[in-house]
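The shown structure was predicted, so the numbers you read here are calculated from the model rather than taken from an experiment. So that the names make sense, note that chain A is the first sequence line, chain B the second, and so on, each numbered from 1.
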Number of protein chains: 2
Amino acid sequence: MQLKIKFLKWSAGIPVAMLHKETAKKLGIHTKARIYLRTLIKHPKEFHTIVNIIGDHIVKKNEIAVSSEIKERMNLSNNQKIEIGLAETPISLDLIKKKLNNQELSENEIKEIVIDIVGNELSESEIALFISSMYIHGMNLRETIYLTKAILKSGNIFKLNKKFIADKHCIGGVPNNKAITSAAGTADTMEVLAQVGFSVDKLKKILKKTNAFLVWGGAMGMVPADEEIIRIEKELKIDPEAQLLASIMSKKLAVGSHYILIDIPYGENAKVSLSKAVKLKKKFEKIGKYFKKKLEVVLTKGDQPIGNGIGPVLEMIDVLKILDPKQQGPKDLETKSVFLAGKILEMTGKAKKSQGIKKAEEILSSGMAYKKFKQIIQAQDGAIKKLIPGKFKHNILSDKNGKILEINNKLINLLARIAGCPTDKSAGIYLYAHKYDKIKKNEKLLTIYSESESRLNEAVKFYAKNSIIIIK
Amino acid sequence: MQLKIKFLKWSAGIPVAMLHKETAKKLGIHTKARIYLRTLIKHPKEFHTIVNIIGDHIVKKNEIAVSSEIKERMNLSNNQKIEIGLAETPISLDLIKKKLNNQELSENEIKEIVIDIVGNELSESEIALFISSMYIHGMNLRETIYLTKAILKSGNIFKLNKKFIADKHCIGGVPNNKAITSAAGTADTMEVLAQVGFSVDKLKKILKKTNAFLVWGGAMGMVPADEEIIRIEKELKIDPEAQLLASIMSKKLAVGSHYILIDIPYGENAKVSLSKAVKLKKKFEKIGKYFKKKLEVVLTKGDQPIGNGIGPVLEMIDVLKILDPKQQGPKDLETKSVFLAGKILEMTGKAKKSQGIKKAEEILSSGMAYKKFKQIIQAQDGAIKKLIPGKFKHNILSDKNGKILEINNKLINLLARIAGCPTDKSAGIYLYAHKYDKIKKNEKLLTIYSESESRLNEAVKFYAKNSIIIIK
């Protein structure tokens with residue numbers, strides 16, 4: 001059936017299509033049916049999507065209303081005529097079921113699934129099925145490598161003619177460790193001072209000036225398959241190991257990194273236990289070897305938050321204090337940063353074996369690191385400025401004399417999120433004490449900051465209801 | 001935040017909520033976020049839903065647009081003010097993950113999950129996760145009984161003061177066997193001649209007249225949890241055994257059946273193999289015993305379509321030919337129907353052991369069955385009328401002399417669906433031959449009927465591309 005395109009000023013973040021109820025009836029289409037959209041030219045563009053809404057209000061009988069995502073993917077213009085019809089279930093759903101039945105997938109089969117995820121051929125429930133099959137049965141090394149390759153192929157590759165491309169990644173789980181699952185990812189924190197979403201062209205210009213950047217990979221369109229899978233993983237709150245490996249490795253490969261440093265925080269309330277961290281390390285090393293990269297994995301203690309601030313503004317305050325030689329930042333965060341930087345200096349041969357930390361400390365204490373950071377901020381259209389945490393705040397005091405036995409990472413992250421992180425940049429938590437510190441009754445444990453009173457109240461209530469910090 | 005309700009003339013079939021982009025930003029809400037809606041009265045009604053769309057077009061900053069499903073669930077009026085906020089992830093998602101990690105669920109845990117499915121607390125992807133956890137790990141008898149109870153509790157119960165309530169159910173998979181997964185369910189076929197969607201009150205009136213009905217259970221609001229799970233199972237094309245058992249049993253319990261006959265067709269291209277059918281039979285019997293019902297399970301050969309017609313009109317034509325003593329219908333379908341009816345007559349004591357078939361045949365050949373059927377049709381606001389298959393048709397001829405070795409049930413159902421079933425009532429397939437029949441070159445194998453030329457062409461193409469009937 002031929003229909004006219006109507007654009008909806010919607011931002012669903014995902015493709016949305018809407019039909020008039022009589023048109024839907026004529027086509028025998030129900031809500032959630034899979035349809036194809038095909039342009040009427042010699043070499044037609046085709047796109048598959050789910051019919052989200054059937055109505056008689058916004059869309060006419062001879063129209064199909066689509067969101068901006070479909071418009072852009074198909075390069076459509078308003079009132080353009082296109083062909084619509086019922087689409088068949090993609091073969092990739094059978095392949096997902098193969099995995100669900102614990103059969104190994106081939107390279108082509110994994111490619112097919114990833115292509116259909118990016119191509120919007122698979123619904124969210126179907127992608128959830130794929131995620132759960134990976135979660136339950138796992139993937140062997142072969143499958144994980146195929147998944148990495150398929151995700152890598154789903155997007156753009158960032159080609160640079162540089163000898164040293166170094167890249168550090170943390171698997172996350174520890175507050176203030178600047179990872180995507182915490183209350184503030186690296187990009188969220190950088191956004192406090194600078195822009196983080198750039199086109200590949202603009203990034204190349206930034207690199208010419210600074211030889212470094214701190215940006216949000218999503219804007220580069222590098223690994224769209226990964227983003228789609230992660231979006232649903234976040235909703236389901238499960239994170240299968242194969243996808244974690246493929247997600248990280250595909251991003252490192254997409255930017256052409258030669259030197260890759262992976263940080264795996266382990267321990268109580270971290271994402272992984274020590275034994276799981278050791279296993280994960282081996283897998284990373286094998287995949288790194290397969291792709292002929294110089295890859296090192298460090299296991300770091302991750303049983304409590306690092307630094308004092310949690311949330312974009314509060315974490316950036318910690319960072320600036322460490323970088324600025326005239327100020328004193330949280331020592332634990334400084335030590336870890338210098339350790340990781342030292343590793344990269346050694347990996348790239350910029351420092352001799354076991355001299356990396358010393359060299360990194362010199363770069364930091366001399367102010368060179370701070371200078372370079374300011375240069376990057378400027379190149380990314382930003383500037384160093386005075387940072388102020390959220391205007392609504394509440395202090396949490398210790399209710400007894402004792403020793404801090406536990407600070408629950410997951411609950412601290414959740415507390416910061418309830419206070420408004422990462423959307424509200426100045427929301428977050430300031431921690432005054434760490435694990436094993438002694439504390440007196442009525443001494444300040446932490447301050448919750450928020451941009452709204454209601455969010456602050458919700459966070460305070462959440463703190464009261466949960467055992468976030470245990471003192472004995 | 002307080003917002004005004006705006007109704008959307010949408011029929012999404014599922015709850016849809018839409019916010020202005022600035023409102024969403026203020027609340028820190030992204031598309032797919034879970035929110036609560038709470039009425040501003042002393043004992044407020046609360047409903048959780050996903051924000052499907054964020055826009056600046058249809059909805060104002062001080063409004064939330066909702067689809068009719070939310071309106072009805074919360075009994076809202078236009079412009080009514082309600083409180084909106086971010087909702088926490090339901091605990092049931094953790095319970096689903098427990099099952100995903102292969103741990104047994106308790107009665108309360110299963111109840112919690114089912115309540116959240118019906119309450120719209122769980123997203124489609126999250127329900128998909130539950131389905132996949134059942135699919136992979138299965139459920140033991142205890143869990144299956146808890147699931148049955150929870151689904152039963154999710155809806156209305158049909159209370160009748162009758163001594164004999166008998167109910168026949170087929171697990172499906174065989175064309176023309178009148179089951180929900182085929183090209184025409186019982187209700188689809190009945191709808192050719194009568195109404196099938198009635199309120200519980202109206203059904204009680206029908207029963208007074210006829211002592212029987214053939215209706216669509218969905219309209220009775222009996223097991224909403226089951227409907228929601230099945231909707232997603234259909235999309236995923238997986239059908240976990242525990243859900244199949246709970247789905248069937250909860251519906252039988254909701255109508256208060258004392259006598260339950262379950263038909264499990266088995267064999268090549270059926271839903272289950274013989275060995276699986278035997279296992280399923282035992283499970284049905286155990287659950288029936290638990291609920292103190294007289295339950296029998298028959299295993300029937302299901303390796304090919306039964307009867308000649310496939311699709312609502314074509315199947316009803318078969319049915320009327322069998323019921324009318326003056327006509328001759330397909331013998332295989334008649335034999336099976338008489339066998340099942342005989343079983344019920346024996347179970348209820350209306351016929352002596354091994355005399356059921358004979359009694360059923362008498363009822364059929366005397367015209368009593370036809371008379372009762374006409375009475376039911378009339379009570380359900382319908383009438384017997386002349387039935388004509390779709391006006392566009394195409395004959396498929398045998399391309400050789402030989403013997404029919406296989407008729408693929410799944411592909412035949414799909415073929416009928418492509419032709420328009422079950423939405424287009426007169427679409428479908430007429431089969432001239434069955435398995436093991438001899439056939440000559442150019443003899444008619446089947447006719448495809450459709451209500452539209454394009455659907456007919458698609459069906460003809462589909463037949464050409466697939467091995468639906470194998471002749472050797």
Side-chain angles (χ1 to χ4, degrees), chain A residues 1 8-14 16 18 21 24-26 28-32 34 52-58 67 85-86 88-89 93-94 96-97 100-102 123-129 131-133 135-137 231-232 235-238 417-418 420-421 423-424 427 452 454-455 458 462, chain B residues 1 8-14 16 18 21 25-32 34 52-58 67 85-86 88-89 93-94 96-97 100-102 123-129 131-133 135-137 231-232 235-238 417-418 420-421 423-424 427 452 454-455 458 462:
Chain A
M1 184 185 281
L8 288 165
K9 287 180 189 163
W10 286 356
S11 150
I14 48 168
V16 165
M18 188 165 165
K21 63 178 182 186
K25 205 177 167 189
K26 224 180 257 174
I29 284 174
H30 302 273
T31 310
K32 299 281 156 186
R34 206 186 301 268
N52 307 75
I53 296 164
I54 292 169
D56 52 8
H57 194 49
I58 300 157
S67 66
L86 257 182
E88 280 176 39
T89 305
L93 183 56
D94 290 329
I96 290 172
K97 263 179 266 175
L100 206 61
N101 289 325
N102 204 10
S123 74
E124 289 183 22
S125 305
E126 288 158 353
I127 297 171
L129 204 64
I131 293 169
S132 91
S133 75
Y135 177 80
I136 295 178
H137 300 306
R231 189 173 67 79
I232 293 163
E235 188 187 329
L236 300 175
K237 301 196 180 11
I238 55 173
R417 284 182 170 272
I418 291 167
C421 292
T423 312
D424 298 346
S452 93
S454 68
R455 283 192 170 272
E458 275 189 55
F462 182 81
Chain B
M1 184 185 281
L8 288 165
K9 287 182 190 162
W10 287 355
S11 149
I14 49 168
V16 166
M18 188 165 164
K21 63 179 181 185
K25 208 177 164 187
K26 225 180 259 176
L27 285 163
I29 284 174
H30 302 272
T31 310
K32 299 279 155 187
R34 206 185 302 269
N52 306 74
I53 295 164
I54 292 170
D56 52 7
H57 194 48
I58 299 158
S67 66
L86 258 181
E88 279 177 41
T89 304
L93 183 55
D94 290 328
I96 290 172
K97 263 179 267 176
L100 207 60
N101 290 325
N102 204 10
S123 72
E124 288 183 22
S125 304
E126 288 158 355
I127 298 171
L129 205 64
I131 294 169
S132 92
S133 75
Y135 178 79
I136 295 179
H137 300 306
R231 189 172 68 78
I232 293 164
E235 187 186 329
L236 300 175
K237 298 193 182 11
I238 57 175
R417 283 183 170 271
I418 291 168
C421 291
T423 312
D424 299 345
S452 92
S454 68
R455 283 193 171 272
E458 274 188 55
F462 181 82

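- Shown here are the side-chain contact (heavy atoms from CB on, under 4.5 Å) partners of A/Ser125, two or more places apart in sequence or in another chain: A/Ser123, B/Glu124, B/Ala128, B/Ile232, B/Glu235, B/Leu236.
- Contact annotation for B/Leu100: both backbone and side-chain heavy atoms come within less than 4.5 Å of a heavy atom of chain A.
- Between chain A and the residues B/Met1, B/Glu458, B/Lys237, the largest count of heavy-atom pairs under 4.5 Å involves B/Lys237.
- Salt-bridge check for A/Glu126 with A/Arg34: passed, with a basic side-chain N closer than 4.0 Å to an acidic carboxylate O.
- Heavy atoms of B/Ser452 lying under 4.5 Å from chain A are absent altogether.
- In this structure, B/Ile238 and A/Leu129 have side chains that are in contact, with non-hydrogen atoms separated by less than 4.5 Å.
- Annotation: side chain to side chain donor-acceptor pair (under 3.5 Å) contacts of B/Lys21 (sequence neighbours excluded): B/Asp56.
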